[in-house]
Engineer: 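Handing you this structure, nothing more for now.
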Amino acid sequence: MIRRLINDRVLPAEQVMPDAPWQIRASDLRSDAVTAALTRKHRPCRSNVEGQLPMFIEVSEGGA
């Protein structure tokens, strides 16, 4: 999630050198933009969109 926020330019971060860990200010983690991004609903991995077919079907009793 942090990398997604950095790539989407919601969370300011910088790397001193390529492939180095990202440097993030603690105050930026508490920004309104980051808080809104973390609390918004309908995230792709957790949404239950009406009419959308599931990727995996639930196993019924008795199984295969």
Side-chain angles (χ1 to χ4, degrees):
M1 186 62 165
I2 296 296
R3 288 184 182 147
R4 183 180 301 155
L5 292 174
I6 293 170
N7 289 336
D8 292 345
R9 298 181 192 262
V10 174
L11 178 60
E14 64 177 299
Q15 285 182 309
V16 177
M17 298 178 62
D19 298 324
W22 288 97
Q23 294 182 350
I24 303 167
R25 291 186 191 127
S27 60
D28 289 335
L29 290 171
R30 293 185 289 269
S31 73
D32 291 338
V34 172
T35 302
L38 292 174
T39 59
R40 77 173 173 252
K41 295 182 180 180
H42 302 295
R43 292 182 226 168
C45 61
R46 295 184 183 160
S47 66
N48 292 327
V49 179
E50 188 174 323
Q52 182 177 0
L53 296 174
M55 182 181 285
F56 302 102
I57 59 171
E58 293 184 28
V59 178
S60 62
E61 290 183 30

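Worth knowing before you read on, the calculation uses all heavy atoms, side chains too, and leaves out hydrogens, waters and symmetry mates. The residues of the chain are indexed from 1 along the displayed sequence.
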Engineer: Let me confirm one number: the CD1-CE distance from Ile6 to Met1, rounded to the nearest 0.5 Å.
Structural biologist: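 Between atom CD1 of Ile6 and atom CE of Met1 there are 11.5 Å.
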
Engineer: Please identify each residue that fulfils side chain to side chain contact (heavy atoms under 4.5 Å, CB included) with Asp8, with sequence neighbours left out.
Structural biologist: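 So Asp8 forms a side chain to side chain contact (heavy atoms under 4.5 Å, CB included) with Arg4, Val10.
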
Engineer: If you look only at distance, which donor and acceptor atoms sit under 3.5 Å apart when one is on a side chain in residues 13-33 and the other is two or more places apart or in another chain?
Structural biologist:
{"from": "Gln15", "atom 1": "NE2", "to": "Ala20", "atom 2": "O", "distance (Å)": "2.5"}
{"from": "Ser31", "atom 1": "OG", "to": "Asp28", "atom 2": "O", "distance (Å)": "3.0"}
{"from": "Ser31", "atom 1": "OG", "to": "Val34", "atom 2": "N", "distance (Å)": "3.3"}

